[in-house]
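So you know, we letter chains A, B, ... as the sequences are listed, proteins then strands, and number each from 1. Keep in mind that what you see is a predicted model, and the values were worked out from it rather than measured.
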2 protein chains.
Amino acid sequence: MTTPRTDPVTLEVVELIGTVVARYYAEYEQAAAKHSLTGAQARVLGLLTLEPMPMRHVAQKLRCEPSNITGIVDRLETRGLVERRPDPNDRRVKLAAPTKDGIDTARRLRESLDFAREPLAELSDAERTMLRDLLKRMLGEEAPAVP
Amino acid sequence: MTTPRTDPVTLEVVELIGTVVARYYAEYEQAAAKHSLTGAQARVLGLLTLEPMPMRHVAQKLRCEPSNITGIVDRLETRGLVERRPDPNDRRVKLAAPTKDGIDTARRLRESLDFAREPLAELSDAERTMLRDLLKRMLGEEAPAVP
DNA sequence: TATTGTTATACTCTATAACTATA
DNA sequence: TATAGTTATAGAGTATAACAATA
């Protein structure tokens, strides 16, 4: 267990990350709203677009109670963006899957998320690569140290 | 207006930022819950700790409707963490300000936000400085280019 | 007239607990 | 018995519209 650092640069980075989080989160909600989706609905739809899955798995991915997913999928289903399919292997399970319209909406939403992409254009190729490796190491993924 | 990039590294960084946002946001909610605060309540309290301000300013900072702040400050006030003060210059205005207890709670909450700090300990001083400068430039603040 | 804060309303998200249908 | 999904409930956040007090 590493001791959290309190040197000025670390605190500055923490502050900057807070700013990134606030800005990115707000932009995401706004982008979702432009497609008449709430943030939660957009997250569920985006998740299902990667792969249809049982309702319970959606809840696990989003770290919320399964009962919440019922309502969110209800609303997405009402709008024809998602459908419930039976699981041939277990009749208790319902697989939530995006419809064609849902896949299309998710794609347009993804493409409209310019916040993270646009400011990155300010950086050079080398800088983006460096940022990638630093973030990877911060997140505990494998990445070469940047000496 | 720069054209958003779609090269592999950029997309990878976007993905990583998404991960950082999701993780940081979840940790923040969790840290707030440990102090029996919702995320919104914690954000308002943290904001007021920097400086007491009119209700309307709080709404502007949090990018929500002013009517919402009424309820959030109500709940914080009920718990004795925040108080409403008259503005001597404009009797329409109410200044929301943290109580001593509120300031103390905000400080403890801030100190418990280890997520951003702890993983940074994995990086060297030079790397943290580099990360700081890259984030600064990404956010449009002044920072030296990293060649 | 315009602005500040509040109230009233409706919708969504959230957790908890109880229910059903399967396993 | 245990699990997947649902329903019912209550609390909180959100936007909208209408309102009182003040500017």
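Between B/E77 atom CD and C/dG5 atom C1' there is a gap of 13 Å when expressed in whole angstrom units. In this structure, A/D74 places its CG atom 7 Å from P of D/dT6, rounding to the nearest Å. Taking atom OH of residue B/Y25 and atom P of nucleotide C/dC13, one finds them 13 Å apart after rounding to whole Å. Between B/L76 atom CG and D/dG13 atom C1' the separation is 13 Å, expressed in whole Å. Here D/dA15 presents its C1' atom at 17 Å from CZ of B/R63, a figure rounded to the nearest Å. The distance between atom CD of A/E65 and atom P of D/dT9, rounded to the nearest whole Å, is 19 Å. The distance between atom CD1 of A/I72 and atom C1' of C/dT12, rounded to the nearest whole Å, is 9 Å. The distance between atom CD1 of A/I69 and atom C1' of C/dA15, rounded to the nearest whole Å, is 12 Å.
Pairs of residues two or more places apart, or lying in two chains, that qualify as side-chain hydrogen bond (donor to acceptor under 3.5 Å, both in side chains) and include a residue from residues 58-75 of chain A are A/D74-A/R84. The side-chain hydrogen bond (donor to acceptor under 3.5 Å, both in side chains) analysis of residues 32-57 of chain A, with sequence neighbours excluded, yields no pairs.
Scored by the side-chain hydrogen bond (donor to acceptor under 3.5 Å, both in side chains) test, A/E111 finds A/R107 as partners (sequence neighbours excluded).
Contact annotation: side chain of B/S67 to base of D/dT16, donor-acceptor pair present below 3.5 Å.
Two residues are said to be in side-chain contact when any heavy atoms from C-beta on lie closer than 4.5 Å; A/P98 and A/L81 fail this criterion. Side-chain contact check for B/T99 versus B/E77: every heavy-atom pair is 4.5 Å or farther apart.
Salt-bridge check for B/R91 with B/D87: failed, with every basic side-chain N at 4.0 Å or more from each acidic carboxylate O.
Between B/K94 and the phosphate of C/dT6, there is a side-chain N or O to OP1/OP2 separation shorter than 4.0 Å.
When atom types are taken as modelled, the side chain of B/R128 and the backbone of B/L120 share a donor-acceptor pair closer than 3.5 angstrom. Side-chain N or O atoms of A/R132 include none that pairs as donor or acceptor with a backbone N or O of B/T10 at under 3.5 Å.
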Enumerate donor-acceptor pairs with a distance under 3.5 Å from any side-chain N or O in residues 18-25 of chain A to protein atoms, sequence neighbours excluded.
from: A/T19; atom 1: OG1; to: A/E15; atom 2: O; distance (Å): 3.1

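Contacts with DNA chain D (heavy atom under 4.0 Å) in residues 82-92 of chain B: B/D90, B/R91, B/R92, listed by number. Residues of residues 27-62 of chain A that place a heavy atom closer than 4.0 Å to DNA chain C, in numerical order, are A/T38, A/A40, A/Q41.
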